[in-house]
Amino acid sequence: MENTEKTEGQKLVEELFNNKKSGWETATDEEKGLIFKFSDEYMDFLNRSKTEREFVTSAKEILDKNGYRDIKDVENLSAGDKVYSINRDKSMYIAVMGNKKLEEGLNLVGAHIDSPRLDIKPNALYEDTELAYFNTQYYGGIKKYQWTAIPLSIHGVIVKTNGEKIHVNIGENDDDPIFTITDLLPHLAKDQMKKNLSDAIDGEDLNLLIGNVPYKDENVSEKVKLNILKLLNDKYGINEADFLSSELEIVPAFNARSLGFDYSMVAGYGQDDKVCAYSALRAILETNAPDKTAVCILADKEEIGSMGNTGMMSETFDNFIAELLNKSGENRPNLLNKVFCSSSMLSADVGAVYDPIYASVSDKTNAALSAYGVSFDKYTGGKGKSGGSDANAEFIAKIRGILERNNVRYQITELGRVDVGGGGTIAYILADKGVEVIDCGVPVFSMHSPYEVTSKFDIYSAYSAYKAFYREA
Ligand code: MN
Ligand code: MN
């Protein structure tokens, strides 16, 4: 074995190139064990938390067990204290108080816990040809044809005028019924098949099939609808008008599973953005007495523009930080603005992975590759970065330093070829307040579909990145 000596060129390549490599190539057996364990815990959490309300419930349970307290029950805050605030059961802010004053800035990781889905309309129930249906309106950017002919479940709440709140979760247990939206048989779909994919299924036709048995009484009409209402009344004590004050979400009834002969990936609904939200939650749970105060944001309504009082644009977030200032005895006029201007943030949201089947939409050199680590988008937006938040080079350098010191695999990427499309996250909302922010998350296949796919390596790398950021930024 004489020629093991590296040539000058080979040495230079090692030294000068940004040598990218799949994380699976370099992961040790021990690391693989941690990666698979983390993914199992993530899938278990995801299966219990398919909607923003369920995510909040599951997160609260874990936080309560780990010594976190609701900030409204806390009078004074000092270093090491752990608190959270829940906003209308749909979004959540979590903090671990740092050793330094809040004035020196926060380290924020922000993800969203809403996902594309179908919502039941207020006037939900109707009958046609002895079949009962729920009317729906879709939520977020979906490809409508993907939501027909799959098993669906119903999750959410019905609130009665007396304030009683009924929690609904049906279609997840093996002995539950499931629901579906029917599609046309190919034999009769000649005209449908000629349509554009975007027009093939009309939004108004996304009607959920929920029953077929008529109520036995010759003196009434809409017997199937009546029978369904009777069943719902027996089970939940509701009548038809109670749907007017309900929030019922229709999501895929299948569970998250390991994908591949090698179990290397996770397939599951709602990974945008619950994969980053769960990783961020785990990261803050393992953050104790950090230098700067660590804050985890679990936002609602990102998929429809972050508006509303549970979305990231809501002042409820500013109010939470103001409460930290008040309860730590640090507050003074205008300090909140200063806190934001001194803060750093990872906007933890999923990105598009390079999919070789659809290679033409990506610039491969700048695309996020599966299993190459957590991906940072310097900027989002489209058509010349329009509408995007463009992270500052100085900030990226600082983050790179943290990741490299902590041996976290990362890639700095872009979503799609120039002018092909674009996307956005909550990053710009915090950037507007003066926070240093960069987008950073897990690359996803089939984003916004009923069954999104991620790499277990990338999930673990996102979690490791958020943890290192809380500790060192
Ligand atoms: Mn997202
Ligand atoms: Mn999305």
Side-chain angles (χ1 to χ4, degrees), residues 6 10 13-15 17-46 109 111 256-268 271-287 346 348-356 362 364-377 396 399-413 438-447 452-473:
K6 282 175 185 150
Q10 283 172 322
V13 164
E14 255 177 38
E15 199 183 313
F17 276 19
N18 177 18
N19 292 300
K20 301 178 188 174
K21 224 182 219 179
S22 164
W24 291 124
E25 281 196 39
T26 47
T28 62
D29 284 347
E30 193 197 340
E31 282 164 343
K32 281 183 192 158
L34 294 171
I35 291 169
F36 282 96
K37 181 167 179 284
F38 188 86
S39 303
D40 285 345
E41 289 158 356
Y42 161 56
M43 286 188 281
D44 180 58
F45 185 95
L46 190 59
V109 178
R257 305 279 292 268
S258 288
L259 185 154
F261 288 115
D262 52 13
Y263 292 74
S264 57
M265 290 172 257
V266 172
Q271 298 203 70
D272 175 7
D273 182 34
K274 296 184 186 77
V275 65
C276 296
Y278 177 77
S279 305
L281 176 66
R282 284 287 301 268
I284 200 164
L285 275 165
E286 290 160 33
T287 299
L346 299 182
D349 205 346
V350 300
V353 77
Y354 176 81
D355 185 337
S362 298
K364 196 173 181 183
T365 319
N366 279 284
L369 303 180
S370 183
Y372 277 57
V374 58
S375 84
F376 288 75
D377 284 343
I396 301 177
I399 300 296
R400 282 182 56 209
I402 294 172
L403 298 170
E404 287 168 20
R405 276 199 301 282
N406 285 280
N407 212 10
V408 179
R409 291 291 299 274
Y410 70 94
Q411 38 185 340
I412 298 208
T413 61
I438 185 165
D439 278 300
C440 146
V442 177
V444 174
F445 291 93
S446 308
M447 197 197 291
E452 299 171 320
V453 174
T454 52
S455 157
K456 291 183 181 177
F457 182 87
D458 297 333
I459 299 171
Y460 194 77
S461 134
Y463 150 75
S464 308
Y466 304 154
K467 233 168 65 165
F469 172 80
Y470 276 142
R471 213 166 42 232
E472 295 184 23

- Task: Go through Glu41 and Tyr278 one step at a time and tell me if the side-chain contact (heavy atoms from CB on, under 4.5 Å) criterion holds.
- Result: CA-CA 10 Å; Glu41 289 158 356; Tyr278 177 77; 3.4 Å; yes
- Message: Under the criterion side-chain contact (heavy atoms from CB on, under 4.5 Å), I'd like the reasoning laid out for Ile399 against Leu346: C-alpha separation, chi angles, the key distance, then a yes or no.
- Response: CA-CA 9 Å; Ile399 300 296; Leu346 299 182; 4.1 Å; yes
- Assess whether side-chain contact (heavy atoms from CB on, under 4.5 Å) is satisfied between Ile438 and Ile396, documenting all intermediate values. CA-CA 8 Å; Ile438 185 165; Ile396 301 177; 3.8 Å; yes
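No donor-acceptor distance shorter than 3.5 angstrom exists from the side chain of Glu286 to the backbone of Lys467, with no hydrogens or angles considered. A donor-acceptor contact shorter than 3.5 Å links the side chain of Gln411 to the backbone of Gly373.
Contact check for Val350 versus Val275: side-chain heavy atoms found under the 4.5 Å cut-off. Contact of the Phe457 side chain with the Ser22 side chain is not registered, since no non-hydrogen atoms from C-beta on lie closer than 4.5 Å. At a threshold of 4.5 Å between non-hydrogen side-chain atoms, the residues Ile35 and Trp24 count as touching. Side chains of Val374 and Cys440 form a contact here, defined as non-hydrogen atoms less than 4.5 Å apart. A heavy-atom distance below 4.5 Å is found between the side chains of Cys276 and Tyr466.
Between the CG atom in Asn406 and the CZ atom in Phe469 there is a gap of 12.5 Å [rounded to 0.5 Å]. Here the CD-CD distance, from Glu15 to Gln10, works out to 13.5 Å after rounding to the nearest 0.5 Å. One distance of note links OH of Tyr463 with OG of Ser39; it measures 11.5 Å at 0.5 Å rounding. The NZ atom of Lys20 sits 11.0 Å away from the CZ atom of Arg409 when rounded to the nearest 0.5 Å. Within the model, atoms CZ of Phe445 and OG of Ser455 stand 8.5 Å from one another, a figure rounded to the nearest 0.5 Å. Between the CG atom of Leu369 and the CG atom of Asp458 there is a distance of 9.5 Å, given to the nearest 0.5 Å.
Using the six-membered ring where Trp is involved, Phe376 and Tyr410 have ring planes that are perpendicular, over 60° apart on the 30 and 60° scheme. In this pair, Tyr460 and Phe38 present their aromatic rings perpendicular. The plane angle is above 60°, beyond the 30 to 60° band.
Between Asp262 and Leu259, the shortest heavy-atom distance links the atoms OD1-O, 4.1 Å. Taking all atoms of both residues into account, the shortest heavy-atom contact from Ala462 to Val442 is CB-CG2, 3.7 Å. Here the closest heavy-atom approach between residue Gln271 and residue Val266 is recorded as NE2-O, 3.1 Å. Shown here for Ser464 and Val408, the closest heavy-atom pair between the two residues is CB-CG2, 3.9 Å. Taking each heavy atom of Ala348 and Asp273 in turn, the nearest pair found is O-OD2, 2.5 Å. Residue Phe36 comes nearest to Lys456 through the heavy atom pair CD2-NZ, 3.6 Å, listed as atom of the first residue, atom of the second, then distance.
Here Glu30 pairs with nothing under the salt bridge (Lys or Arg N to Asp or Glu O under 4.0 Å) rule; sequence neighbours left out. For Asp349, the side-chain hydrogen bond (donor to acceptor under 3.5 Å, both in side chains) criterion is met by His112, not counting sequence neighbours. By the side-chain hydrogen bond (donor to acceptor under 3.5 Å, both in side chains) test, Asp355 is found to be paired with no residue, residues two or more places apart in sequence or in another chain being considered.
Looking at Thr413 and Asp377, their side chains do bring a donor and an acceptor atom within 3.5 Å of each other.
By the neighbour-count criterion of 12 heavy atoms within 6.0 Å, atom CG of Asn19 is densely surrounded, having more than that number from other residues, nucleotides or ligands.
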